[in-house]
Each structure stands twice: as C-alpha cells, then as structure tokens.
Amino acid sequence: MPVLYGTDITSPLMLGTAQYPSPSVLADAFRRSGAGVATVSLRREAAGGDGGAFWELIRDLGVPVLPNTAGCHSAREAVTTARMAREVFGTDWIKLEVIGDADTLQPDPFGLLEAARILCDEGFKVFPYTTEDGILGGRLLEAGCEVLMPWGAPIGTGLGLNNLYGLRTLRAQFPEVPMVIDAGLGRPSQAAEAMELGFDAVLLNTAVAKAGDPAAMAEGFARALEAGQLAHGADPMEPRDMAAPSTPVLGLAALE
C-alpha cells in the first residue's frame, strides 16, 4: 500500500466526496470500496447550511482527509484556500490545484509551482495536481513536494490515460517518488492500467459519484486496483509484434 508523507494508506483508491446523490450513498461507496483517502473541497464543505453535517460525515468515514483547492485559477487564490482548509480540517495535507484553462481544466504549471513553493515553505504537505511533464515534476519535487499527481485526462472526461508514453516516462524518471493518477478515469479497467504502469494510487470522483450505482462502481474500482497491483508485481510479459506458440512444437506426434 502507498506511503504518502510518512502515512500508510490502507488502499490505493483515493475517492472524492462531491456530486453523490445523497450522503448515505457517499458513505456506502466508501464502505464498499475501502477507499484509503477522502478528498474534499473547502467550497463544498462551507456551502449552504449543511457544512457541519457534511464535515461530521467525512470524519465518520475514518480515513485521512485531503482538502483540495478546486476551482482556483491563480497561485494567490490557491494559497489562500489552502490556508483556510488547514484551519477548517486540521491537516497540513493539501491537494494543490491551480487551473490554467477553463475548458480543459489543465493545471497552470507556472502558478502551480509558485503556489507549491509557498505552501511547502509554510509546512504544508502538498499533493500537486500536475501534468505528465517531467521537467515540471522535477521542479515540484525541488520545491518540497514529496508526491506527484499527474492527470490521466481532463477532469470529468472519463477518457482514461491519454498519454501513455508521457506517464510511463514520468514514472521511470522518478522511480522512488509516490505518484497518483489524478483525474480523467472513467472505468475500473483504466485504473488497473495505471497500476500496471507502476503508479501507487488513483484519485477519482465523477466516475463513481455519477455512476448509476456509485457504491458498486466504487467497489469495482477497488477490485481493479488490486488486480493492477498484482499484475505489476508479477512482472507481466512485454508485447511483441509476432505470434509465439504457447504449446511447444518439440515432442508433438509427427503424422506421416
């Protein structure tokens, strides 16, 4: 199981808490999946008059809470939100999002790095939502981040792992750094593929919360992650262009 900033996580599934049809469905999704981390937006927690009830529900899940800076479009906004989240949730963990484009929700690499430097200097344990860019990844690590969270695809698209070459290269470039695929997964098979590539965990929300049966989908993702972990550890065969018989020719009967 992954170790993130010195904390042992019980499951490689990190699950968001937004968009569920009801609090009971959310709780059931966490129960059936055994998710190891709950991500939560400060905006969601503070919205309306149910903030206290929502926070009580999240605490009752019994897993570490990872607040995020969802919706922030500048380093300044993200830093302010992170500071508020630390007060509200009582944790130094922060999933750092600085969005650079409103349509693709792609991270702004410049604002992300600026905010990461500030927050790491202030003692935050930063989980940066980033791209598969290895140069940016290296700069984030130099800034003090100990985890990288590259996107699989744009948030909420369900497209899976769009850039297999880039993700594989990033994983190989920093083999000892915990990495979480964050955003864009829509099917458990895509999560299994991420684990087969050697990633340590996945973070998702929409694929579960918007499913016809969120709890069943959450369990499906949990099982797929387990399968992907087993496959990665088993040293899977490399693909090849030519066929290779699985039954040896030597020793077969020769018919005249």
Side-chain angles (χ1 to χ4, degrees), residues 2 4-5 7 9 11-20 26 29-30 35-48 51 54-55 57-59 61 63-102 104-109 111-120 122-131 140 143-157 178-185 200-210:
L4 306 177
Y5 285 103
T7 299
I9 305 303
S11 165
L13 177 58
M14 305 168 71
L15 195 55
T17 55
Q19 306 185 76
Y20 290 84
L26 186 158
F30 271 83
V37 172
T39 66
V40 59
S41 167
L42 179 67
R43 286 170 170 79
R44 169 63 183 86
E45 197 280 337
F54 177 74
W55 180 214
L57 170 64
I58 299 305
R59 283 196 300 251
L61 296 175
V63 297
V65 174
L66 176 62
N68 65 49
T69 63
C72 293
H73 289 261
S74 69
R76 180 179 179 181
E77 186 181 11
V79 168
T80 300
T81 302
R83 290 167 178 163
M84 294 170 62
R86 178 158 61 180
E87 291 186 18
V88 171
F89 298 107
T91 178
D92 290 330
W93 282 20
I94 192 72
K95 177 191 168 187
L96 180 60
E97 295 184 27
V98 182
I99 301 302
D101 182 85
T104 65
L105 301 181
Q106 179 173 334
D108 172 0
L112 178 67
L113 184 56
E114 179 185 351
R117 284 172 174 157
I118 294 170
L119 293 174
C120 287
E122 293 184 5
F124 281 89
K125 296 176 174 61
V126 177
F127 294 68
Y129 165 61
T130 182
T131 65
L140 289 167
C145 299
E146 297 181 13
V147 176
L148 294 178
M149 302 182 71
W151 65 345
I155 295 170
T157 62
M179 289 192 193
V180 181
I181 293 293
D182 179 12
L185 299 183
D200 299 281
V202 303
L203 191 156
L204 52 95
N205 190 158
T206 307
V208 169
K210 290 298 186 180

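Along the sequence shown, the residues carry numbers beginning at 1. Quick caveat: nothing in here was measured; it's all calculated off a predicted structure.
- In this model, a donor atom of one side chain and an acceptor atom of the other lie less than 3.5 Å apart for Thr206 and Gln19.
- In this structure, OG1 on Thr80 lies 9.0 Å from CD1 on Ile118, to the nearest 0.5 angstrom.
- Annotation for Phe89 and Pro67: closest pair CD1-CG, 3.6 Å, computed over non-hydrogen atoms.
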Going through the distances and angles, do Leu13 and Leu204 end up as a side-chain contact (heavy atoms from CB on, under 4.5 Å)?
CA-CA 8 Å; Leu13 177 58; Leu204 52 95; 4.0 Å; yes

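- Closest approach of Cys72 to Thr81, counting heavy atoms only: SG-OG1, 3.4 Å.
- Residues Asn68 and Ile94 have side chains not in contact (no heavy-atom distance under 4.5 Å, counting atoms from C-beta outward).
- Here the shortest heavy-atom pairing between Val40 and Val65 reads CG1-CG1, 3.5 Å.
- Just one residue in the list Val147, Thr130, Leu148 forms a side chain to side chain contact (heavy atoms under 4.5 Å, CB included) with Met179, and that residue is Leu148.
- Thr7 has its side chain out of reach of Lys125: every pair of non-hydrogen atoms, C-beta onward, lies at least 4.5 Å apart.
- Residues Leu15 and Ala35 come closest through the heavy atom pair CB-CB, 3.9 Å.
- Taking CD from Gln106 and CD1 from Ile155, the interatomic distance works out to 10.5 Å, rounded to the nearest 0.5 Å.
- Legend: residues meeting salt bridge (charged side-chain N to carboxylate O under 4.0 Å, His left out) with Arg76, ordered by chain and number and at least two apart, are absent.
- Taken from CZ in Arg117 to CD in Glu122, the straight-line distance is 14.5 Å, to the nearest 0.5 Å.
- Summarising the geometry of Ala143 relative to Leu113, their closest heavy-atom pair is CB-CD1, 4.2 Å, with the distance given to 0.1 Å.
- By the salt bridge (charged side-chain N to carboxylate O under 4.0 Å, His left out) test, Asp101 pairs with no residue at all, sequence neighbours left out.
- Contact check for Thr131 versus Pro150: no side-chain heavy atoms found under the 4.5 Å cut-off.
- Counting heavy atoms from C-beta on, the side chains of Leu119 and Val79 come closer than 4.5 Å.
- The only option from Val202, Leu4, Asp182 that meets the side chain to side chain contact (heavy atoms under 4.5 Å, CB included) definition with Met14 turns out to be Leu4.
- Within the 4.5 Å cutoff, the side chain of Pro128 has heavy atoms near those of the Cys145 side chain.
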Evaluate side-chain contact (heavy atoms from CB on, under 4.5 Å) for Leu112 paired with Tyr129, printing each intermediate quantity in order.
CA-CA 8 Å; Leu112 178 67; Tyr129 165 61; 5.7 Å; no

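- Within the 4.5 Å cutoff, the side chain of Leu26 has heavy atoms near those of the Leu61 side chain.
- Asp200 places no side-chain N or O within 3.5 Å of a backbone atom of Pro2 that could act as its donor or acceptor partner.
- At a threshold of 4.5 Å between non-hydrogen side-chain atoms, the residues Thr17 and Phe30 count as touching.
- Annotation: side chain of Leu203 is not in contact with side chain of Phe127 (no heavy-atom distance under 4.5 Å).
- Of all heavy-atom pairs between Trp93 and Leu66, the closest is CB-CD1, 3.8 Å.
- Distance check, rounded to the nearest 0.5 Å: CE of Met149 to CG of Leu140 gives 12.0 Å.
- The main-chain N or O of Glu146 is found under 3.5 Å from a side-chain atom of Tyr5 such that the two form a donor-acceptor pair.
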